[in-house]
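Below, each value reflects all heavy atoms present in this structure, side chains not excepted, and no hydrogens, waters or symmetry copies. Quick caveat: nothing in here was measured; it's all calculated off a predicted structure.
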Amino acid sequence: VPSMIASWFGRWDFPAANRLLFPLVNIVATAGMTLVGVFLSHNIPFSTLYIVSAVVTAIGVIIMFTVKEEMIGKAG
């Protein structure tokens with residue numbers, strides 16, 4: 001993750017971007033593992049888990065495409 005942040009935001013904006021993105025990545029990863037555990041403990045089929053994962057991925061892609069490229073690395 002740090003190398004992706006550095007290549008995207010550059011060396012000058014890396015500390016600010018890393019402070020924001022690193023906790024978010026950890027929250028999403030932890031939530032994913034928790035979601036799998038909840039689904040398995042309640043005998044919910046894997047197909048439902050795949051659908052939920054696909055919806056969350058689609059939301060992430062939509063958010064990713066809404067970021068204006070000219071704003072990356074700039075304040076405000």
Side-chain angles (χ1 to χ4, degrees):
V1 173
S3 62
M4 290 172 40
I5 295 171
S7 66
W8 193 262
F9 290 98
R11 85 184 228 203
W12 301 114
D13 294 322
F14 174 79
N18 194 47
R19 268 194 305 270
L20 174 69
L21 293 176
F22 189 75
L24 289 176
V25 167
N26 285 329
I27 289 169
V28 169
T30 304
M33 288 183 264
T34 304
L35 186 65
V36 170
V38 168
F39 272 61
L40 291 177
S41 67
H42 292 299
N43 294 324
I44 298 173
F46 279 114
S47 59
T48 306
L49 180 60
Y50 290 130
I51 291 169
V52 170
S53 297
V55 169
V56 170
T57 301
I59 291 170
V61 168
I62 290 168
I63 292 171
M64 182 180 70
F65 282 118
T66 59
V67 173
K68 295 178 184 173
E69 190 169 332
E70 62 270 7
M71 295 302 293
I72 295 174
K74 307 233 187 301

Which pairs would a plain distance check flag for residues 44-51, meaning a side-chain donor or acceptor within less than 3.5 Å of a matching protein atom at least two apart in sequence or in another chain?
none

> Shared ILVMFWY cluster between Phe14 and Met4, side chains joined below 4.5 angstrom?
Replying inline: no

Considering only distance and modelled atom types, tabulate donor-acceptor pairs under 3.5 Å from the side chains of residues 54-62, sequence neighbours left out.
unit_1	atom_1	unit_2	atom_2	d
Thr57	OG1	Ser53	O	2.8

> Which residues satisfy the side chain to side chain contact (heavy atoms under 4.5 Å, CB included) test with Arg19, sequence neighbours excluded?
Replying inline: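 Side chain to side chain contact (heavy atoms under 4.5 Å, CB included) check on Arg19 returns Pro15, Ala16.
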
Could you give the side-chain donor-acceptor pairs of residues 20-30 under 3.5 Å, partners two or more places apart or in another chain?
unit_1	atom_1	unit_2	atom_2	d
Asn26	ND2	Phe22	O	3.4
Thr30	OG1	Asn26	O	2.8

